[in-house]
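This report refers to the structure that appears directly beneath it.
For the numbers below, each heavy atom of this structure counts, side chains included, while hydrogens, waters and symmetry mates do not.
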Amino acid sequence: MRILLITPPLVQLNTPYPATPYLTAFLKSRGYDARQADASLDLALRIFSANYINQLAAALPPPAREEPPAVRWFRRSNHRCAATIDGVIGFLQGHNPGLGNKILTRRHLPEGPRFAVLAELAHHSRKTGMSSAQQILTDHHQMAKYLASLYIDDIADTIRLGIDPWFGLARYAERLSAGLPDFTPLQAAVEQRPTPIGRILDELAVKYLRRFQPTLVGFTLPFPGTVYGALRMARRMKQLQPELAVILGGGYVTTELRSLKDPRLFDYCDFITLDDGPLPLLRIVQRLAARRCGPPLVRTLYRRAGRVVRSAIASSANICRRALPPPCYSDLTLTRYIDLVEMPNRMHSLWSDGRWNKFVLAHGCYWHRCRFCDTALDYIGRYEEPDIANLI
């Protein structure tokens, strides 16, 4: 059995989302052929490239009398964008630090509407003294990264306002899935003629099937902005390989789909796992490997006779966190990730600037007193301390 675990578009682009590294390591420790792919990063690198910039220019609708400033800027600057985008992405990946000096001249990049914030930052730093805004304005390398990030934001705005209203740098089609009471709008979006970004998702699905040749594919859906991308790719994969088994798991399905009754979602997947993923995933793999005669499923939803079925095993069944191996980053080329400075506040920049290791330092909550937190869920309420030696 060949297993492929995918992070679908879109999540932050500076470091791998931790779900697939942890689950890949776990499956490998049990002797399975597990691989992983970051479709979020792959999509971003396809979009922010000279080749796609030229396609974007051709895909824009005819000029209108009143159109968004970002689209108007891109019409004037698309040739300069195509000439500079590959270098900027390389700079944000850390491959060409010398380009920062050119960016700082303010003549290398075509500056769009997003650059208007620079005047506000300068005014704020003069007014308040040594603030986070002034720090970034006086740190040359960070300032160059911030300018490059504004440039990327302008292109992203052009895509969103010009050809695909669902697009965002850290999410895609989020409003189709956030608090969705009915599956119909999301299903219609997945089945309709794809947007230009949707076509790239279909192409990535084909690419992964050819490269990894999986018999089982798992998608992690941590946020609403990853749901459409996962279903779009799963749909294309099943069109080409109907016998392919597809699993959905992650924070979104755990919180939003616990009471799922609509069986139509299983047109795109075979299983949905809830809460901690290692044991449910392992049981599915064992069942498939044994041709459905393996051990019982755990915290898993599936379709049978046109209805959503829930596995009967108690939700408390788990693999102890201390028994899990540390995350594995094989197949994820870490030098491809992109650092973006979304805002000058240094604390907020941790979210998107620089690669960092997303380790589980402890599992669950030991306090159980926050009113907003659902500690009744086992994967939140069950506290486990880490194995420090294993972590290090």
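- Looking at T220, its side chain never comes within 3.5 Å of a backbone N or O of T7 through a donor-acceptor pair.
- Within the 3.5 Å criterion, the main-chain N or O of A205 finds no donor-acceptor partner in the side chain of R236.
- Taking the side chain to side chain contact (heavy atoms under 4.5 Å, CB included) definition, one finds that T254 meets it with R258, L274, D275, Y379, sequence neighbours left out.
- Side-chain contact between T215 and E243 is absent, with no heavy atoms from C-beta onward closer than 4.5 Å.
- A distance of 12.0 Å separates CZ of R322 from CG of L324, quoted to the nearest 0.5 Å.
- Using a 4.5 Å heavy-atom cutoff, the side chains of R2 and R35 are not in contact.
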Show your reasoning for whether side-chain contact (heavy atoms from CB on, under 4.5 Å) applies to V309 and Y302.
CA-CA 5 Å; V309 178; Y302 55 97; 3.5 Å; yes

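- Listed by first and then second residue, the ring-ring contact (aromatic ring centres under 6.0 Å, His included) pairs involving residues 194-242 are Y17-F223, W166-Y228, Y172-Y228 (not counting sequence neighbours).
- Between the CG atom of D202 and the CD1 atom of I197 there is a distance of 12.0 Å, given to the nearest 0.5 Å.
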Which is it for R264 and D182 under the salt bridge (charged side-chain N to carboxylate O under 4.0 Å, His left out) test, yes or no, and what are the steps along the way?
CA-CA 11 Å; R264 290 178 293 170; D182 180 14; 3.3 Å; yes

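- The two residues M1 and A289 make their nearest non-hydrogen contact at CE-N, 3.7 Å.
- Across all their heavy atoms, S29 and F26 have their closest contact at OG-O, 2.5 Å.
- Annotation: K358, atom NZ; neighbour count of heavy atoms from other residues, nucleotides and ligands within 6.0 Å is above 12.
- I155 CD1 to L150 CG: the interatomic distance, rounded to the nearest 0.5 Å, is 11.5 Å.
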Run the numbers on D154 and F74 for side-chain contact (heavy atoms from CB on, under 4.5 Å), then give the verdict.
CA-CA 8 Å; D154 274 321; F74 184 81; over 6 Å; no

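- Both L45 and V206 are part of a single hydrophobic cluster, where members link through side-chain heavy atoms under 4.5 Å apart.
- Ring orientation note: the planes of W73 and Y151 are nearly perpendicular, at an angle over 60° on the 30°/60° scale.
- For the pair P196/Q55, no side-chain contact is recorded, criterion being any heavy-atom separation below 4.5 Å from C-beta on.
- A distance of 4.5 Å separates CD1 of I3 from CG of L27, quoted to the nearest 0.5 Å.
- Under a 3.5 Å cut-off, the side chain of R283 and the backbone N or O of P296 do form a donor-acceptor pair.
- Closest heavy-atom contact between I319 and R30: CD1-NH2, 4.0 Å.
- A donor-acceptor pair is defined here as one N or O able to donate and one able to accept, closer than 3.5 Å; such a pair exists between the side chain of R72 and the backbone of E67.
- Linking ILVMFWY side-chain heavy atoms closer than 4.5 Å, directly or via other members, places L248 and V190 in a single hydrophobic cluster.
- In the hydrophobic clustering of ILVMFWY residues, with side-chain heavy atoms under 4.5 Å counting as a link, L334 and I6 come out together.
- In this structure, CG in L288 is found 7.0 Å from CD1 in I247, a value given to the nearest 0.5 Å.
- For the pair L118/L147, a side-chain contact is recorded, criterion being any heavy-atom separation below 4.5 Å from C-beta on.
- Shortest non-hydrogen contact noted between P110 and C81 is CG-SG, 3.8 Å.
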Run the salt bridge (charged side-chain N to carboxylate O under 4.0 Å, His left out) check on R336 and D42 step by step: do they pass?
CA-CA 9 Å; R336 298 174 71 232; D42 288 341; 3.0 Å; yes

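- Heavy atoms of other residues, nucleotides or ligands lying less than 6.0 angstrom from NE2 of H95 number more than 12.
- Residues A144 and F91 approach most closely at CB-CZ, 3.7 Å, considering heavy atoms.
- Within a 6.0 Å radius of OH in Y366, no more than 12 heavy atoms belonging to other residues, nucleotides or ligands are found.
- Distance check, rounded to the nearest 0.5 Å: CD1 of I53 to CZ of F48 gives 7.5 Å.
- Although no hydrogens or angles enter the test, the distance criterion places no donor-acceptor pair under 3.5 Å between the side chain of T24 and the main chain of P21.
- A salt bridge is absent between R199 and D164: the closest approach of a Lys/Arg side-chain nitrogen to an acidic carboxylate oxygen does not fall below 4.0 angstrom.
- Residues L265 and V253 share a single hydrophobic cluster, defined by chaining ILVMFWY side chains whose heavy atoms lie under 4.5 Å apart.
- Two different hydrophobic clusters hold L340 and V11 under the rule that ILVMFWY side chains link at heavy-atom gaps under 4.5 Å.
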For Y268 and Q187, run side-chain contact (heavy atoms from CB on, under 4.5 Å): C-alpha distance rounded to whole Å, both residues' side-chain angles, the deciding distance at 0.1 Å, then the answer.
CA-CA 10 Å; Y268 307 95; Q187 183 183 40; 3.4 Å; yes

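- With a 4.5 Å cut-off on side-chain heavy atoms, V227 and L176 do not count as touching.
- Just one residue in the list V88, T15, D353, L92 forms a side chain to side chain contact (heavy atoms under 4.5 Å, CB included) with I338, and that residue is L92.
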Full working for side-chain contact (heavy atoms from CB on, under 4.5 Å) between D270 and K238
CA-CA 11 Å; D270 300 278; K238 279 188 165 291; 2.9 Å; yes

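- Considering only heavy atoms from C-beta on, T195 stays 4.5 Å or farther from R232 through its side chain.
- In this structure, R355 forms a cation-pi arrangement with Y329, its terminal cationic atom sitting closer than 6.0 Å to the ring centre and no more than 45° off the ring axis.
- Closest of all the heavy-atom pairs between S330 and C328 is OG-SG, 3.2 Å.
- Counting heavy atoms from C-beta outward, L43 and L204 have side chains that approach closer than 4.5 Å.
- L332 has its side chain within reach of Q36: a pair of non-hydrogen atoms, C-beta onward, lies under 4.5 Å apart.
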